[in-house]
Amino acid sequence: MLVPALAACATGAAVMAVGAEPALAHGLVGRADLPVPESYFAWAVRIVLVLSFVGLAVLWKHPVLERDSWRALPAGLGRVITSRPVEIVAGAIGVSLLGVVVFAGLEGTATPTGNFAPTFVYVVFLVGLVPVSAVFGDVFRAFNPWRAAARGVAWIATRAAGEAFEAPRAYPERLGRWPAAVGLAAFAWMELAGANGDLPQSVAIATIIYSGLTWAAMAVYGVEPWVTRGEAFSVYFNLFSRISPFERRGREIGVRTPLSGLAQLAQLPGTVAVLAVMIGTVSFDGLAESPLWADITPELTDFFTSLGFSPERAVEGSFGLGLTVMILLVYGFYRLGALGMDWLAGSADAGRLERVFVHSLVPIALAYVAAHYLTLLLFQGQSIFFLASDPLGDGADLFGTAGRSIDFGVIGANATWYWQVGFVLVGHVAALVLAHDRAVVVYGDTKLATRSQYWMLAIMIGFTTLALLLLSTANA
Amino acid sequence: MPVVLAGVVIVGSLVLFTPGNDDDASQAPATQASEPAPADGAKTETTPTPTPPEPQVTKVEVRGGSPVGGVKGLIAKKGETVRLLVSSDSPQEVHLHAYDITRYAAPGKPARFEFKAEIEGVFEVELEGPHTQVAKVEVRPS
């Protein structure tokens, strides 16, 4: 999505010693948000501080979210939604969309904004499905093309062989969610650092490679073990879906206390890495719009050029390095929280605390995505309606919507700022509630729990302030 | 003790993260696109044919495919008329994103943009061929 900006950097960096401009987010769009004004920033930070201390003062004695509160909805609705025909239709839609992305990417126009593939993958899928998951639950599971296709193949093979298949290998426990963390980081690299990441062809090829790897892994470890732990997007959307009050269990759909799904998250290895990638990549995308990055990147690029990289590779190198450093910083900061808790309240090793509290970062990750990509989704997301009519950009008009254009009037700058700050504040409060709740369980003693949370509070405030900072310095 | 510690961390982060004003001077727009505001008392004197104020035009010069002096920012308030002139020593297609305006520049014949700033945000002006950003238009709420 940064192609125009990258090209500008690559050609411009060598010529201009001064005046290098921050790359506008999403070259796909060529527009960026106005920075959140300082007064909004200052008020938001004050509100965060007040809310945080109120949170500590009213710290409850018994966990409120840890109890499994799931109750099946009155039978009927759930049964219909989870029925086999609905499952097959949803799976078929997912597989078809995967096919359209690959076909449009390979056969359609090379102009990113004129082709279905980049906008569908980067905007509708990666961003649009996030709020859908957080509100309605794990919708992606039903539409997951890799799961649906693999189940279809397994069903046919079982019929043909007359016996059920067993996965050749058991999923290695120590792998945990690490493959998902690696997958998400790889896609983030392509999107934010790769020089050709927003080209339709790149999107199609990446989709083909990822599909191949996913199906290979499913063939080895079985569909379900890979979907729940290894498949990057399943893990990504499932984490957000745990915020939702809706959850499917077996053939039932039930309601639960919002956020309580996060308390049920299995503490597998690699989960902290997944969250660090999720928060780190959005942070980097924000940083890449800031004057700070505009100052750093020419020097970084020069450094990579001096190592013998071509100008294009040098830009990729500096963006890739920035992305990696940001992910590691997010991890390091969270690790600091675990170490601090261990130091203040003792009782456990920091490594365990790190895993035990990681679910509290999910609302923060949601806030980062929601605030940073709000306008991308609201504006660029609209283009999927005309791209659907003309997926290849060759003048087709399948649904009669090809002539539409983006209505930039749907949200103004002032409303955007309020929503952005609002998302960040709500995410902060949700994270605090989850962490407090978990502390009560971990320490079993309100006094110790409170002590542990002084530190966690500082870490949460750090994350929230970083989010606000990135929103207020973008393009400043 | 922990309270003090948390307090120190929080206050520290507050101080660190509070944006300073030091950058503001350097961020002044290269050229203001806004027209001079009419004087409030102007109503009393009735001028039958008011001479329109000289419209301010932001000029960007492209040489060898990149903007001279780097990418310039142009700041306008919503509703104002933005005038932008992009001259180039080579034929170029110049595109303003979101507003989706394309103009052509050739040696001695600059691309002339004149439009009402109705969409808020920050927008790239780029050379369509090489995808080089040559200016940015920032439209703030009025």
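In what follows, chains carry the letters A, B, and so on, assigned in the order in which the sequence lines appear, proteins first and then strands, with residues in each chain numbered from 1. Only this structure's heavy atoms are used, side chains among them; waters, hydrogens and symmetry mates stay out.
Annotation for A:Tyr40: atom OH counts as buried by contact number, over 12 foreign heavy atoms lying within 6.0 Å. Under a cut-off of 6.0 angstrom, the local environment of CD in B:Glu128 is crowded, with over 12 non-hydrogen atoms contributed by other residues, nucleotides or ligands. For CD of A:Gln201, the number of neighbouring non-hydrogen atoms (other residues, nucleotides, ligands) closer than 6.0 Å is 12 at most.
Only the backbone of B:Val139 comes within contact range of chain A, judged by heavy atoms closer than 4.5 Å.
Within residues 106-121 of chain B, the residues having any heavy atom closer than 4.5 Å to a heavy atom of chain A are B:Ile119, B:Glu120, B:Gly121, listed by residue number.
Taken to the nearest 0.5 Å, the NZ atom of B:Lys78 stands 9.5 Å off from the CG atom of A:Asn414.
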